[in-house]
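Down below is the structure, laid out as structure tokens.
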Amino acid sequence: MADEGVLPWEAPLGATPSGDGSCTFRVWAPHADRVSVRTGGGEHPLEPAGLGVHAASLPLAAGETYWYVLDGASALPDPATRDQPDGLRGASRVLDPSRARWHDDGFTAPALQELVLYELHVGCFTEEGTFAAAAAHLPALAELGVNAVELMPVADFPGTRGWGYDGVYLSAAHRCYGGPHGLQGFVDEAHAHGVAVVLDVVYNHVGASGAKALEAFGPYFTDRYETFWGRAINFDDADCGAVREWVLQSAEGWVRDFHIDGLRLDAVHAIADGSARHIVAEVCDRVHPHGALVIAESGLNDPRVIRPETEGGWGCDAQWADDFHHALHVLLTGERDGYYADFGAVADLAKAYRRPFVHDGHYSSFRRRRYGAPADDRPTEQFVVFAEDHDQVGNRALGDRPPAPARPLAALCTLLSPFTPMLFMGEEYGEPAPFQFFCDHIDPDIATATREGRRREFAAFASFSHMEIPDPQDEATFLRSKLTRERDEGLAHLYACLLRERLALSGDADVEFDERRRWLRVTRRGGEIICNFAAEPQVLAAGGDLVLATHPDVVRDEQGQLRLPALSGALLR
């Protein structure tokens with residue numbers, strides 16, 4: 001078969017300014033016979049370019065707004081818009097990324113094995129809730145030892161506040177945070193302080209508020225599959241090529257035009273794609289040449305996600321490891337609701353320290369089937385572990401963080417593990433504010449369904465059945481979730497020490513444990529950690545010198561015995 005060359009929708013979609021006062025518009029709209037661009041100067045027809053694409057070069061400069069008009073009907077935003085100054089239902093605005101003033105020529109992102117990630121929500125990280133306000137805290141994070149921030153999704157979503165996982169326009173930074181120029185400024189400032197930026201992107205669904213507008217253009221969705229959050233994106237059904245390209249150009253645009261150093265792909269297990277090459281693998285292909293990492297959130301416990309394509313994988317650089325969190329959280333809190341029912345043994349955490357798929361082909365009582373596959377062939381830095389993240393805090397009924405007595409030991413176990421650690425905003429100093437689920441849906445029926453669904457979700461949990469679930473649409477729920485920055489100075493000092501001592505450790509973990517007495521010993525090159533998960537103090541043998549401890553009453557005596565209070569641990573060398 002002859003090479004068919006570049007297909008019409010493989011050229012840049014959206015509005016591409018030329019720098020001379022003109023702009024090329026290219027939109028995939030196979031559902032329309034006639035497409036025009038409406039601007040302040042009138043309506044301008046686009047010409048058919050083949051395979052449902054319509055295109056033209058028009059006299060429109062960066063900063064001007066426009067709409068697409070399909071078959072003379074109501075005006076709609078550009079599916080590939082880079083800027084939505086008035087939200088989902090407003091006009092699109094032409095963005096010229098080349099006008100950004102960058103000062104990061106000398107910046108090199110840290111290698112994967114050096115990463116210390118810090119997840120934050122732009123709206124809750126500061127009182128102002130903007131990129132610019134968040135940037136003011138970058139020097140403190142860099143001093144702490146954080147070298148990469150991971151922004152929760154910023155692609156334009158309904159209303160003025162939300163987690164961002166119901167975004168619609170994949171390439172437009174949310175206006176309330178400062179829009180695309182604000183994001184460029186944040187990244188530039190981060191790089192000035194030696195901090196990389198990873199952006200959370202959602203390619204498994206779009207927010208329901210924007211589905212109708214997208215579908216007016218073409219088959220962006222498929223009925224072959226369903227997702228928990230909305231209609232499945234069309235990655236492998238008829239006419240899927242342009243939809244795949246819409247996603248791929250979004251991914252490449254973030255790293256090329258915004259200097260983003262890595263993408264975190266949300267819930268890749270919810271991406272249904274039976275194509276010969278999975279869309280996740282193609283995302284990796286698009287961004288790797290720009291030097292960007294790809295970190296997947298995957299509930300599959302499948303090492304294929306992080307294996308190279310040459311070994312049958314998708315080629316992601318790393319993936320989140322929920323099992324490590326679950327094993328640790330249950331030992332620290334005793335909670336066994338929902339998916340925590342599969343955990344509770346010290347052996348689970350011991351296994352997770354070797355490779356953090358506790359379910360690697362073994363039976364899961366929660367799922368009622370065997371689950372996962374072994375990942376022993378993958379290096380430890382390919383697994384991102386955490387004691388807190390937006391899901392494990394925010395998906396709790398009240399958005400409460402781990403109890404204060406558990407936090408020091410959680411930090412020790414996570415930050416001194418052989419894996420890539422991630423902190424959730426505020427945990428490094430014991431932030432007391434919750435992180436609750438909040439949204440600002442602009443469609444009343446979607447708002448009602450979200451509110452009622454949240455209440456039904458927790459009705460089945462015995463521990464929450466008597467509680468009033470916060471209304472996600474209420475602005476007060478969002479405001480409660482903003483950081484107070486009230487500090488536990490002891491915990492803050494521990495985090496700083498742990499991140500410093502982490503640098504002296506290397507290699508995989510050798511693990512010993514006692515299930516009955518509930519202690520765990522993890523040995524790596526450069527030191528060992530000893531943890532007491534029991535509800536009472538105990539004395540354990542310790543061969544090295546005490547470097548740091550999670551509790552002031554941890555003592556190593558002259559006989560080499562380590563006295564550990566309940567829920568405490570120590571690093572020895």
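Bear in mind that the values here come from a model prediction, so they are computed numbers and not experimental data.
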Subject >> Contacts of Y118 that satisfy ring-ring contact (aromatic ring centres under 6.0 Å, His included) - sequence neighbours left out >> reply: none
Original post:
CD1/I260 to CG/L293 distance, rounded to the nearest 0.5 angstrom?
Top reply: 12.0 Å
Original post:
Going by the ring pair (Phe, Tyr, Trp, His ring centres under 6.0 Å) test, which pairs reach into residues 74-117, not counting sequence neighbours?
Top reply: W102-H259, F107-H191
Original post:
Would you call E427 and R401 a salt bridge, taking side-chain N to carboxylate O under 4.0 Å as the test?
Top reply: no
Original post:
Can the ring centroids of F435 and F424 be said to lie less than 6.0 angstrom from one another?
Top reply: yes
Subject >> Pairs where residues 262-292 contributes a residue and the test ring pair (Phe, Tyr, Trp, His ring centres under 6.0 Å) is met, not counting sequence neighbours >> reply: H278-W314
Original post:
Considering residues at least two apart in sequence or located in another chain, which fulfil the ring-ring contact (aromatic ring centres under 6.0 Å, His included) criterion with F437?
Top reply: W163
Original post:
Any salt bridge (charged side-chain N to carboxylate O under 4.0 Å, His left out) pairs touching residues 186-207, not counting sequence neighbours?
Top reply: D200-R264
**OP:** Would you list the pairs meeting side chain to side chain donor-acceptor pair (under 3.5 Å) in which at least one residue belongs to residues 26-36, sequence neighbours left out?
**Re:** S36-E43
Subject >> Residue pairs, two or more places apart or on separate chains, that pass ring pair (Phe, Tyr, Trp, His ring centres under 6.0 Å) and touch residues 67-89 >> reply: Y66-Y68
Original post:
Rounded to the nearest 0.5 Å, how far does OH of Y339 lie from CG of D322?
Top reply: 7.0 Å
Original post:
Can you list every salt bridge (charged side-chain N to carboxylate O under 4.0 Å, His left out) pair that touches residues 272-282, not counting sequence neighbours?
Top reply: R244-D273, R244-E282, R277-D285, R277-E309
**OP:** Kindly write out the residues that satisfy side-chain hydrogen bond (donor to acceptor under 3.5 Å, both in side chains) with Y203, not counting sequence neighbours, or none if the list is empty.
**Re:** S250
Please list every donor-acceptor pair under 3.5 Å in which a side-chain atom of residues 131-158 meets a protein atom from a residue at least two apart or in another chain.
| residue | atom | partner | partner atom | Å |
| --- | --- | --- | --- | --- |
| N147 | OD1 | V116 | N | 2.8 |
| N147 | ND2 | E114 | O | 2.9 |
| D156 | OD1 | H174 | ND1 | 3.0 |
| D156 | OD1 | R175 | NH1 | 3.3 |

Original post:
Quick one: ring pair (Phe, Tyr, Trp, His ring centres under 6.0 Å) pairs with a partner in residues 39-58, sequence neighbours left out?
Top reply: none
**OP:** Scan for salt bridge (charged side-chain N to carboxylate O under 4.0 Å, His left out) pairs involving residues 52-81, sequence neighbours excluded, and state none if there are none.
**Re:** none
Original post:
Is it the case that R485 places NZ or CZ above or below the six-membered ring of F125, under 6.0 angstrom from the centre and within 45 degrees of the axis?
Top reply: yes
Original post:
With a 4.5 Å limit on heavy-atom distance, are the side chains of V206 and R231 in contact?
Top reply: no
